[in-house]
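I have placed the structure first, in the form of structure tokens, so that the comments after it can refer back to it.
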Amino acid sequence: MASGEASISEIIRCTNFAAIKHKNQRRKDPESTPYINHPIGVAYILTNEGKITDLSVIQAALLHDTVEDTETTLDEIKEEFGDEVAGLVDEVSDDKSLSKIERKNLQIKNAPHKSLKAKLVKLADKLYNLRDLKRATPEGWSEERVQEYFVFAFKVVAGLRGINDAMEKELDKLFKEKGLSDS
Ligand SMILES: Nc1nc2c(ncn2[C@@H]2O[C@H](COP(=O)(O)OP(=O)(O)O)[C@@H](OP(=O)(O)OP(=O)(O)O)[C@H]2O)c(=O)[nH]1
Ligand SMILES: [Mn+2]
């Protein structure tokens, strides 16, 4: 079998796994969009805009919120998708036993030390979420909370820069609209 065909099968297997894991979860927008739209959209930002075709990065993107937000364990990811993908999912997962403030601060602090592949997933995750915030305000979020998320994302992205011009330019457009800029 050609390697491209093998990758297509792997990507669909991975998408199916994530869809099953997120099946009962919805986004926080007023329409309660199915949660799986987010990991699929993150993977699509990576291929379509980031021009990333590395299989492990795309798999990690599809799986990136399974361990953090569902019952899925890293061992399960390892069993199904191997050590590299499991390592990437681990790198992009917050430790949910910590307080929200601690988790957010750790993301800012740790971003510069992540692997290149994990940084790519994190950039695409933030780009998706900021576009989503622009599209619809999550239920119960004030304008202040939206702005706080932009400021938080800006600080995380500061530690992820210099790796993908296309995604960084798109992020900068959104930051600029919110009065955030590097210079
Ligand atoms: N913009 C937006 N976000 C939504 C929506 N529904 C769910 N989310 C998720 O909410 C998280 C951001 O909300 P917060 O209040 O900051 O975080 P929390 O869910 O962890 O408490 C993101 O998690 P994450 O992907 O793990 O990213 P991050 O928190 O690590 O940045 C995002 O994917 C929605 O409708 N719009
Ligand atoms: Mn996410």
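Atoms within a ligand are numbered from 1 in the order they appear, just like the ligands themselves.
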TODO: Would you mind naming the N, O or S atom of Asp125 nearest to the Mn ion (ligand 2)?
DONE: OD1
Task: Close N or O approach (His64, ligand 1; < 3.5 Å) - done: no
- [ ] Measure the acute angle between the ring planes of Tyr149 and Trp141, then classify it against the limits of 30° and 60° as parallel, tilted or perpendicular.
- [x] tilted
Task: Shortest protein heavy-atom distance from atom 9 (C) of ligand 1, along with the residue and atom involved - done: Arg27 NH1, 3.7 Å
Task: Contact atoms of ligand 1, heavy-atom distance to Glu68 under 4.0 Å - done: 26 (O)
Task: Criterion salt bridge (Lys or Arg N to Asp or Glu O under 4.0 Å) on Lys122 and Glu91, from CA distance to verdict - done: CA-CA 9 Å; Lys122 289 195 71 70; Glu91 275 193 89; over 6 Å; no
Open item on the list: Using only atom types and a distance under 3.5 Å, with no angle test, would you say the side chain of Asp95 pairs donor to acceptor with the backbone of Ser97?
Closed with: yes
Task: atom 17 (O) of ligand 1: nearest protein contact (heavy atom, Å) - done: Lys104 NZ, 3.3 Å
TODO: From atom 36 (N) of ligand 1, work out which of Asn129, Val156, Thr137, Asp132 has a heavy atom at the shortest distance.
DONE: Asp132
Open item on the list: Please check: side-chain N/O of Asp29 versus main-chain N/O of Thr33, any donor-acceptor pairing under 3.5 Å?
Closed with: yes
TODO: Answer with yes or no whether the side chains of Lys114 and Gln107 bring together a donor and an acceptor at under 3.5 Å.
DONE: no
Task: Which residue and heavy atom of the protein sit nearest atom 13 (O) of ligand 1, plus the separation - done: Lys28 NZ, 3.1 Å
Open item on the list: Please report whether the ring centroid of Tyr128 lies less than 6.0 Å from that of Tyr44.
Closed with: no
Task: Protein contact of atom 14 (P) of ligand 1 - nearest heavy atom, named by residue and atom, plus distance - done: Lys100 NZ, 3.5 Å
Open item on the list: Taking the cut-offs as 6.0 angstrom to the six-membered ring centre and 45 degrees off its axis, would you call Arg26 and Tyr35 a cation-pi pair?
Closed with: no
TODO: Check all N, O or S atoms of His64 and name the one closest to the Mn ion (ligand 2).
DONE: NE2
Task: Enumerated ligand 1 atoms positioned under 4.0 Å from heavy atoms of Arg103 - done: 20 (O)
Open item on the list: Would the distance check show the side chain of Ser32 and the main-chain N or O of Lys28 forming a donor-acceptor pair, the cut-off being under 3.5 Å?
Closed with: no
Open item on the list: Under a 3.5 Å distance rule, please check whether Thr66 uses its side chain to pair with a backbone N or O of Leu63 as donor and acceptor.
Closed with: yes
Open item on the list: With respect to the Mn ion (ligand 2), please indicate if Asp65 possesses an N, O or S atom at a distance under 2.8 Å.
Closed with: yes
TODO: Run down the list Phe152, Tyr149, Trp141 and name the one with the heavy atom closest to atom 31 (O) of ligand 1.
DONE: Tyr149
Open item on the list: Could you check whether any side-chain N or O of Glu102 sits under 3.5 Å from a backbone N or O of Ser99, counting only pairs where one atom can act as donor and the other as acceptor?
Closed with: yes
Open item on the list: Among all protein heavy atoms in this structure, tell me which lies nearest to atom 30 (O) of ligand 1, with the distance rounded to 0.1 Å.
Closed with: Gln107 NE2, 2.7 Å
Open item on the list: When you measure from the side chain of Asp65 to the backbone of Glu68, do you find a donor-acceptor pair of N or O atoms at a distance under 3.5 Å?
Closed with: no
Task: Nearest neighbour in protein (non-hydrogen) for atom 35 (O) of ligand 1 - done: Asp29 N, 3.1 Å
- [ ] Check each atom of ligand 1 against the heavy atoms of Asp125 and keep those under 4.0 Å away; list them by number with element.
- [x] 25 (O), 27 (O)
TODO: Using a 4.0 Å heavy-atom cut-off, say whether Gln25 meets ligand 1 through its side chain, its backbone, both or neither.
DONE: neither
Open item on the list: With a heavy-atom distance limit of 4.0 Å, tell me whether Asp65 approaches ligand 1 through its side chain, its backbone, both, or neither.
Closed with: side chain
Task: Main-chain N/O of Phe152 paired with Lys104 side-chain donor or acceptor, under 3.5 Å - done: no
Task: Per-atom contacts of ligand 1 with Leu133, taking only distances under 4.0 Å to non-hydrogen atoms - done: 1 (N)
Task: ligand 1 atoms in contact with Lys126 (distance to a heavy atom under 4.0 Å) - done: 28 (P), 30 (O), 31 (O)
